[in-house]
Amino acid sequence: MIHTTEIKEAMKMSSKIQGQRETLLSVHDLHVWYELRRFGFSRMGYVKAVDGVSFEMAQGESVAVVGESGCGKSSLMKTILGINIPTRGELIFEGRSLVDLTDEELRNYRFEIGYVQQDPYAALPPFMNVQQILEEPLIISGVKDREKRLERIRRTMTEVKLHPVEDFLHKFPHMLSGGQRRRVVIARAMILEPKMLVADEPVSMLDASVRVEILKLLRALQEKHRLSVIYITHDLSTVKYFSERIFVMYAGSLVEKAETRRLLDIPLHPYTAALLAATSDPDAENSITYKEVPPGEPPSLVNPPKGCRFHPRCARAIAGLCDEKEPVDFEPEPGHFVACWLYKTENST
Amino acid sequence: MNNLKASFQKLLMYPSAMMGIAAILALVVVSIYAMITIPYPEAIRLWRGGEDVWYRNPKFAPPAWINLFSSKKYSESFAVGTADGGMTKTAAPGKNDSTNYEMVHEFDFNYDVYPQDMILYFTSTFKKKQPFASIELVTPDDRTIRIANFVIGNKFTYRFSQDEKLRAKLRADENIPALFSDPETGNVLKGTYRLIITGTTFEPGSDMDVEFVSHGQVFGLAGTDHARRDLTLPLLWGAPVALAFGLMVAIGTTVLTMVIAAVGTWYSGWLDELIQRITEVNLVLPFFALLIMIGTFYSRSIWVILTATILLSIFTGAILGYRAIFLQVKESMYIEAAKAYGASNRRIIFVYLIPRMIPLLIPSLVQAVPAFVFLEASLAVIGLGDPILPTWGKIIQDAQSNGALFKGYYYWVLEPAALLMVTGLAFAVLGFALDRIFNPRLREV
């Protein structure tokens, strides 16, 4: 298979950096709740899109956030981008909490984070050409000199392999192919030379050949600029190309956090196991095996189930414990965190 | 913006749109011509001027070109004077410091309908002894009619139609027909007439001049109204006024509506609520009645009406339509991206939200123009037009209050009405074509 060598490369690369890594972003007990209102002032409750998420990310690390649609991935991502305001909890970027930032500093924070959007067809304003699209972040961040802006646009476009640059500068999004649009989106995210990239399903809506190229491009950019990357997806099959660690998200919280290989090899949380079982890897054996899929649907985020949110669908749920108490993070092996009562240790009840 | 350019190029495929554009361009040319040849203060002076400005013109005279379409030829108006050389004037010294003048005007009379009146305006300078003048008319058949002799003052006006003595001498009911008829048959006598005025001044240094005015049955290109005003003036000046009013209100309304809708939708919350409530209230208020009230009780100035129209037209159905589209655009991914790279609210509204609306905006802007042109005219027709400006609506109002249609002065109503119609139609057909280009779904209908 093509990817094994690439994975090894990536692993080597990441372990090289591992030594001198310092924390870039740390998220602590983050809650993002949306208010539901009906009849003017009466509150109907909240949509608890992100409910108690904590993790840390190092400079140059790439992390995948995996989960079904509606599990709160996008809310988490938007909060990290500074679009959503957290209801509770903290985001600490380079040692400073986002809550304490002034408007000016928040703007500067936004320049530090690039955003690669999901849908390349909707992500680009149809009334601007490539040059205008790429110029916008530069104008906003205060690059006044037109020549300097053009030079940076040219450099970034070469970097994302949109060349010859002159051919693309004056094209409108509708004149570009899906892959080219994706490259423009990546160029827009990279043009301010951010420290971190948030990629929301960067290879969705592309066909397989383009998919690999885009993933390679993102990896090359990550390595070249020592970017931290948060890679958000519902597709576990592309994760291994990319990320050193995987966070599995279910109904607003992270249920398992581990190194990519460990998690893919030995999933601990029953939900992760189910998710992995459902991944479509091209394998002839899949045609004869029957896969166990958890019954039911993800819970409502307005009234999540008491205790562990996965317990109504979990085959291994412990009556009296899983449906009563919310699980905390256990660490059955170093660096592998799982929020499940099955891995309860004696001293941590 | 290449898209916009391409869209406008598609206009070439619509002949109606091309005609609309041609008509609009013609109106613009007329407006510019009017404003250059008759500057604003001059236009106002003429429009508000009375008998002293317009004494040379007949009243209620249709345009001269109706002679082309009529078997009976109506006499045209003219005015000539010795002061400007239109009339010959010869002076010969007489006895005792007196001077004899002979002032002659030869004119062709080939019409079937007699003029309304003929008038002589004398001016003279003297110290004590008043000058003397006598008037003769030589007809084509070489009769010489002695019309009158009189002593003239500094200013003296002689009206042919009102001279009782002349009426007695001609033994006729009316002077003008009698002067221009064959005495035997009573028919019109066509040919070249000669008016001879001989005058004498009795002091050295005194002088006399005369202006000979014929108030015909037809006048100029557009005719005249009840106050002898030449209608070309308000017809020409009505174009810039109508275009300016229509365009300013249309642009003001659409742009403000869009900006307010965008701001309200973007910030949402109480601002959006407030805009919606204002719109709902405004939708049930009678628009035209409110304007009439403002015109009656506050001011009829075109600027006040313009502002009131814009303000009342902002919060209408359009703002709800724009809001619906903005709500959709607001959630689009590229706006999310803009937020992520730190675009300010103002930048998002003006650089990301509003440009998306421009294709929808252009046809509705063009289509809104005729409505406002007609609005200004209708306010003028009911007597609430700007009291100073000459406009098309004002002509119709004057015509209506003078019973133009009842008395048969159709030209008076039809001229401004035709111009209003051309203006409205031009913008409407252009708007329809633009609508088809920018909203392709309509093309199939």
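Sequence lines set the chain letters: A, B, ... in the order given, protein chains first and strands last, and positions in each chain run from 1. Treat the numbers as computed from the prediction; the structure is a model and nothing was measured.
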Original post:
Do B:Tyr334 and A:Gln117 meet the criterion of a side-chain donor-acceptor pair at a distance under 3.5 Å?
Top reply: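 Judged by distance alone, the side chains do not pair up.
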**OP:** Could you pull out the closest heavy-atom pair between A:Tyr115 and B:Ala340, with the gap in Å?
**Re:**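 Closest pair (atom of A:Tyr115, atom of B:Ala340, distance): CD2-CB, 3.6 Å.
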Original post:
What heavy-atom pair brings B:Gly342 and A:Ile140 nearest, and what distance separates the two atoms?
Top reply: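 In this case the closest contact between B:Gly342 and A:Ile140 is O-CG2, 3.2 Å.
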Count the heavy atoms of every other residue, nucleotide or ligand shown that sit under 6.0 Å from [atom1] of [X], and state whether that count exceeds 12.
| X | atom1 | answer |
| --- | --- | --- |
| B:Phe432 | CZ | no |
| A:Ile85 | CD1 | no |
| B:Gln328 | CD | no |
| B:Tyr298 | OH | no |
| A:Asp103 | CG | no |
| B:Tyr267 | OH | yes |
| A:Arg146 | CZ | no |
| B:Met19 | CE | no |

Original post:
For A:Gln118, is it the side chain, the backbone, both, or neither that has a heavy atom closer than 4.5 Å to a heavy atom of chain B?
Top reply: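 Its backbone and side chain both get close to chain B.
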Subject >> Under 4.5 Å from a heavy atom of chain B, the part of A:Leu106 involved >> reply: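 When you check distances to chain B, no heavy atom of A:Leu106 falls under 4.5 Å.
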Under 4.5 Å between any side-chain heavy atoms of [X] and [Y], yes or no?
| X | Y | result |
| --- | --- | --- |
| A:Glu136 | B:Tyr341 | yes |
| B:Arg356 | A:Pro126 | yes |
| B:Met333 | A:Tyr121 | no |
| B:Lys339 | A:Arg110 | no |

Original post:
Side chain, backbone, both or neither: which part of B:Glu273 has a heavy atom under 4.5 Å from chain A?
Top reply: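 B:Glu273 has no heavy atom closer than 4.5 Å to chain A.
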Subject >> Contacting moiety of B:Val329, where chain A heavy atoms sit under 4.5 Å >> reply: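 Neither part; nothing is under 4.5 Å.
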Subject >> Selection from A:Asn129, A:Ile83, A:Leu81, A:Val185 maximising heavy-atom pairs under 4.5 Å formed with chain B >> reply: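 Looking at each of A:Asn129, A:Ile83, A:Leu81, A:Val185 in turn, A:Ile83 comes out on top.
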Subject >> Which of A:Leu124, A:Ile133, A:Ile113 touches chain B most, by non-hydrogen pairs under 4.5 Å >> reply: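 Greatest number of close heavy-atom pairs with chain B: A:Leu124.
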Subject >> Atom pair CD/CG of B:Glu336 and A:Asp119 - distance to nearest 0.5 Å >> reply: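 The distance works out to 11.0 Å.
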